[in-house]
Structures are given as C-alpha cells and as structure tokens.
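I have placed the structure first, in the form of structure tokens, so that the comments after it can refer back to it.
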Amino acid sequence: MSIVQPRTLSGFMELLPARQIQFDRMAAIIRESFSLYGFTPLDTPLIEASEVLLAKGGGETEKQIYRFTKGDSDLSLRFDLTVPLAKYVALNYANLAFPFRRFQIGKVYRGERAQRGRFREFYQADIDIIGDGKLDISNDAEIPAIIYRTFTSLGLKRFQIRVNNRKVLNGFYAMLDLTHRAGLIMRTVDKLEKIGAPQVKELLMGEEIGLTAQQAAEIMNFIAITGSNQEVLSALEGYRGRHPLFDEGLDELNAVAKNLAAFGVPEDHFAVDLTIARGLDYYTGTVYETTMLDHPEIGSICSGGRYDNLAEYYTEKQLPGVGISIGLTRLFFVLEDQGYLNSSLNTAPADALILPMTEDMAPAISLATTLRSQGVRVQIYGEQKKFKQKMSYADKLGVPYVIFLGEEEIAAGVCAVKNMRSGEQVKVSPAEAVTLIQSGLVELNQGTPILDKGDQLS
C-alpha cells in the first residue's frame, strides 16, 4: 500500500494542542462577553443553497465562493456570517423578538489567494442587532462598547475603535455634486492607509473616477480633519445646513460619540475618523474599524457598521441592523506572530496525571473518579512504560500536577501529589488533593490570553 503524504491545504489553519487551547480560551471569553450584553447564540449551516448565498450576486464574493453540486443540488460554503443571518431572520421572522440580538462564532470559507495572515478557512466572531422597521441609534454605540469590553477582557489594551458615518460622507459628496461617484470615491479613500494620501488623490483624478483637481483637494482636506473627537465634530458643524443627509449623519455621529462615553469607553480607545468608509456598499450609516495602535500595518482586526435592510433579497420587510465582526483566526495569527499570546497560562489538557504504580488499575480509576467529581480534570496513564517515559509524557503535556499511587499510598488511603513547576511533593488524602490542586490552579490560571506590549515592558 502506498503512503499518502500528509499535508494541510494552503490557507487552512491547524494548531498544535497548546495553541488550540489558547485559541479556544479566547473564543470562550468572546462568547462570554457577547452573552453579557444579552445576545443569543446562533449557529447556521456551513452549506447553503447557492441561490440563497448568492442572492445579491456579482463582485469578488462570487469569484471567491466554494461552490459545488451534489446530485441536483447547487450548493455553496458560507463566505461570511451576515448573509446566513439575513436568511435566518427572514425565514424565522414570525418567531423572533425584535430587536433581534445574536452572536455567532463559526468558520467561513473564501477561495482567495492564501497569504501570510490571510486564510481560506477562518473563524469569524460576529454580533448583530436587527430591528423591525426601525433601529435606534443607541445600538450603534453599544456595538463598539461591546468590542471594547471584549478586547480588554482578552488582555488587549493598545487598540482604538475608529468611527465614522457613511451619511456624513455621502452628504459631503452630494455637496460637491458627486453622488453618482460616491461609492467609487469611498472605496478609493478606504485605501488611504495602504497607499498613502498622494496616491489616493491621484486615483481620484484618474480616468475611472475623473475628479477635478479642486474636487480632489476638497475631499482630501475633508478627510484630513483630525484632532480630539470633539474637535472633529466641531469642525464638521461648519458644514451643517448644506445638505440634509450630511446633517442627519452628523447628528448620528454626535449621538454615537456621546453614548460611547456613557457606555464607559475611554476616549483614547475610540476616535471619530473621517477616513473610515468601509468598502462594502451595504453600509449606510455608522461604520467602524479597530486597529492595534502598535501595529497599524496589520490593518483592521474588527470592523462593521449599520445597514438599512439586512434581508432585502429574502423578504419585503424592512429589517435594519448594525453589527461588527472579529476575524478571530486572523487575529490569533497576528497575536501569535507578534508575540502577544500569554504563554504563562496553563494549556495542559488535564490538571493532574495519575501514574498507577501497581498492576491493579482499580484504585487509580477510583481516585480519578473522585477528583473528577470535584471538577479536577484528570488523565490516567495506563501504559506499561518505564518511569522516566511516564514523567516525560507528563512534561510534554505540561500538566501542573502528577499523582503517584503505589501499594504504600493505597494501604494508607493517600496519594502522592507532585507540583510539576515547583517540584514539591506531598502525601495527602484524596479530599486534600482536590483542595491542593484547585488552589494551585487558581494562581496558575490567573491572567488574560493576550499579554499586551505595555504589560510586557512594565
């Protein structure tokens, strides 16, 4: 029989056990944070009918989608979590309470060219709030407030959530009589951090968009408005009264900034930034991007915004929404690559490894059952190997405690517990072993999955 060379497809992430535990710990904190704000968990199928996923059709999405047939069925793998949400809400409209608040952490698939830090299969962590007919602007402030709490709970400190409003941008372009080219302009401005202001200005005056030098200069001056949040908002007041859409967007932007502060987000963690546009056309109001302050070259690690009609391709009902997405796989890769993962946290699959020193396994099994009933994660090593090999196994797993159980311990009703970090070993009763291990784990599991650079330097 020929041996097939094992390999993982390019653009698909597989982690070693310790890293997988770190990843799962991050996902658990995100899940807990989302739940704290009253979001319900949702899980939609990985595979959908192609006509459902591609209802909007066209663009890069259709080029990147994994599509296949099974019998007479035309099927596709989901490429994000928003389109399946739209289908879900339209399908279950009569059974949902609105505003409908859901979070979902799941894999999505895009057949784009795999690059360092960009994947074809990756986890997204999304939150969305869907309204029935209307959705209050206060929700637009709550979304980034949740992201602030989530990232700080993970241990990330040096980040900033940048906020803008597409109505402000569209209203401004309408003042310049450029409504028909607003989408192209915003997609070009969205490239500002990648290619720089001179190149953006050149593209604005290029053949595709065709702005005059004066129009391009006005746009560049507008998006260059900077300063504190209040200074930017005050500068925007100078444009008030020239177009109703701009005024509406400015009112919304003021409300989001005010409510973000009320939600407890420090001003140094959010900024009104007129360069933020988001390239996707379905954003209609508030838009967000989140960046790591020490690594702006990475780009946005969390983004989203307001959309007027989530499910327009599946229902005639008006379902406005606001949401944001964390690219969890990419974020994890970036954190690992930049040395942000906290390696001091316990990543062992068990809290204790029992090494039976007798042929009779029953006492070890009984002890493991007792410890597990008290919440201690236990593994029994039943292989007939030399003592050195058993200890090597314990070291490789990184288990915090090893428990020896020989004839002497069994006769005395005790077990020998060794702290693998300190090397200290004591003989205690099973009940005392539970207390010893649990108290040690409290100290071992303190800390957050992310160790921000500020923590590392202090």
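Counting begins at 1 with the first residue of the sequence.
A salt bridge does not link Arg102 to Asp43: none of the charged side-chain nitrogens sits closer than 4.0 Å to a carboxylate oxygen. Ion pairing between a basic and an acidic side chain is recognised when a charged N comes within 4.0 Å of a carboxylate O; Asp294 and Arg158 show such pairing. Here Asp452 does not pair with Lys157 in a salt bridge; the nearest charged N to carboxylate O distance is not below 4.0 Å. We find that Glu48 and Arg78 are not joined by a salt bridge, their nearest charged nitrogen and carboxylate oxygen being 4.0 Å or further apart.
At least one donor-acceptor pair under 3.5 Å links the side chain of Arg181 to the backbone N or O of Gly210. The closest donor-acceptor contact from the side chain of Arg242 to the backbone of Ala174 lies at 3.5 Å or more, if one exists at all. With hydrogens and angles disregarded, no donor-acceptor distance shorter than 3.5 Å links the side chain of Thr188 to the backbone of Leu204. Distance alone, capped at 3.5 Å, is enough to place a donor-acceptor pair between the Thr448 side chain and the Ile450 backbone. Judged purely by atom type and a 3.5 angstrom limit, Asn164 has no side-chain atom pairing as donor or acceptor with the backbone of Val287. For Thr315 (side chain) and Lys317 (main-chain N/O), a donor-acceptor pair under 3.5 Å exists by modelled atom type. In this structure, the side chain of Gln438 engages the main chain of Gln374 through a donor-acceptor pair within 3.5 Å. Side-chain atoms of Ser373 come within 3.5 Å of backbone atoms of Thr370 as a donor-acceptor pair (strictly under, hydrogens ignored). A distance-only check finds no donor-acceptor pair linking the side chain of Gln199 to the backbone of Gly196 [under 3.5 Å].
Residue Phe103 qualifies as enclosed at atom CZ: its count of foreign heavy atoms under 6.0 Å is above 12. More than 12 non-hydrogen atoms from other residues, nucleotides or ligands lie less than 6.0 angstrom from CG of Asn92. Heavy-atom contacts from other residues, nucleotides or ligands closer than 6.0 Å to CD of Gln20 number more than 12. Glu297 CD: more than 12 foreign heavy atoms inside a 6.0 Å radius. The 12-atom threshold is not exceeded at CD of Glu32, counting heavy atoms of other residues, nucleotides or ligands nearer than 6.0 Å. Counting non-hydrogen atoms of other residues, nucleotides and ligands closer than 6.0 Å to CG of Leu9 gives a total above 12.
Residues Leu451 and Leu341 form no side-chain contact, since every pair of their non-hydrogen atoms from C-beta on lies 4.5 Å or further apart. With contacts defined as side-chain heavy-atom distances shorter than 4.5 Å, the pair Leu178/Phe172 does not qualify. Contact check for Tyr288 versus Val163: side-chain heavy atoms found under the 4.5 Å cut-off. Between Gln124 and Ile326, the closest side-chain pair of non-hydrogen atoms is not below 4.5 Å. Using a 4.5 Å heavy-atom threshold, the side chains of Leu233 and Leu253 count as touching. In this structure, the side chains of Leu236 and Leu274 come closer than 4.5 Å at one or more pairs of heavy atoms. Contact check for Phe270 versus Asn229: side-chain heavy atoms found under the 4.5 Å cut-off. Annotation: side chain of Leu367 is in contact with side chain of Ile354 (closest heavy-atom distance under 4.5 Å).
A distance of 9.0 Å separates CG in Leu444 from CG in Asp351, rounded to the nearest 0.5 Å.
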Exercise. Would you please test Glu267 and Leu260 for side chain to side chain contact (heavy atoms under 4.5 Å, CB included) and show each step?
Key: CA-CA 9 Å; Glu267 184 158 341; Leu260 265 172; over 6 Å; no
Practice problem: Output, in order, the C-alpha distance, side-chain angles, deciding distance and verdict of salt bridge (charged side-chain N to carboxylate O under 4.0 Å, His left out) for Arg120 and Glu112. | Solution: CA-CA 6 Å; Arg120 293 170 173 170; Glu112 57 187 345; over 6 Å; no
Quiz item: Between Phe159 and Thr290, does a side chain to side chain contact (heavy atoms under 4.5 Å, CB included) hold up when you go through it step by step?
Solution: CA-CA 7 Å; Phe159 67 93; Thr290 309; 4.1 Å; yes
Quiz prompt | Chi angles and distances behind the side chain to side chain contact (heavy atoms under 4.5 Å, CB included) call for Leu53, Lys87 | solution = CA-CA 9 Å; Leu53 284 189; Lys87 178 218 71 175; over 6 Å; no
Exercise. Might you work through the salt bridge (charged side-chain N to carboxylate O under 4.0 Å, His left out) test for Arg67 and Asp74, ending with a clear yes or no?
Key: CA-CA 7 Å; Arg67 187 172 183 176; Asp74 182 3; 2.5 Å; yes
Practice problem: Verify side chain to side chain contact (heavy atoms under 4.5 Å, CB included) between Asn170 and Met186, making sure each step is shown before the conclusion. | Solution: CA-CA 9 Å; Asn170 282 319; Met186 280 189 274; 3.0 Å; yes
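The two residues Val89 and Leu96 make their nearest non-hydrogen contact at CA-CD1, 4.0 Å. Smallest separation of non-hydrogen atoms from Val402 and Ala394: CG2-CB, 3.7 Å. Taking all atoms of both residues into account, the shortest heavy-atom contact from Gly171 to Leu245 is N-CD2, 4.0 Å. In this structure, Gln318 and Pro320 approach most closely via the heavy-atom pair O-CD, 3.4 Å. Contact between Arg372 and Val378 at its shortest, heavy atoms only, is NH2-O, 2.8 Å. Taking each heavy atom of Lys390 and Pro356 in turn, the nearest pair found is NZ-O, 3.6 Å.
Between the side chains of Thr44 and Gln104, at least one donor-acceptor pair of N or O atoms lies under 3.5 Å. Gln379 and Tyr393 are linked by a side-chain donor-acceptor pair at a separation below 3.5 angstrom, with hydrogens and angles left out of the test. Between the side chains of Gln22 and Arg19, at least one donor N or O lies within less than 3.5 Å of an accepting N or O. No donor-acceptor contact under 3.5 angstrom links the side chains of Gln160 and Thr291, judged on distance only. Judged purely by distance below 3.5 Å, without hydrogens or angles, the side chains of Asp126 and Ser325 pair a donor atom with an acceptor atom.
In this structure, Arg101 forms a cation-pi arrangement with Phe39, its terminal cationic atom sitting closer than 6.0 Å to the ring centre and no more than 45° off the ring axis.
For Phe333 and Phe119, the distance between ring centers is under 6.0 angstrom. In this structure, His295 has its ring center under 6.0 Å from that of Tyr340.
A tilted orientation is assigned to the rings of Phe246 and Tyr239, their planes being inclined by 30° to 60°. Between Tyr93 and Phe98, the ring planes lie tilted relative to each other; the angle falls in the 30° to 60° range. The aromatic rings of Phe12 and Tyr109 lie tilted to each other, with the angle between the two planes from 30° to 60°.
Each of Asp140, Thr286, Asn139 was checked for a side chain to side chain donor-acceptor pair (under 3.5 Å) with Arg306, and the lone residue meeting it is Asp140.
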Donor-acceptor pairs under 3.5 angstrom involving side-chain atoms of residues 143-156: please list them, not counting sequence neighbours.
from: Thr150; atom 1: OG1; to: Ser33; atom 2: OG; distance (Å): 2.7
from: Thr150; atom 1: OG1; to: Ile146; atom 2: O; distance (Å): 2.7
from: Thr152; atom 1: OG1; to: Tyr148; atom 2: O; distance (Å): 2.8
from: Thr152; atom 1: OG1; to: Arg149; atom 2: O; distance (Å): 3.0
from: Ser153; atom 1: OG; to: Arg149; atom 2: O; distance (Å): 2.8

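With sequence neighbours excluded, no residue forms a side-chain hydrogen bond (donor to acceptor under 3.5 Å, both in side chains) with Tyr88.
For residues 297-322, no pair satisfies ring-ring contact (aromatic ring centres under 6.0 Å, His included), with sequence neighbours left out.
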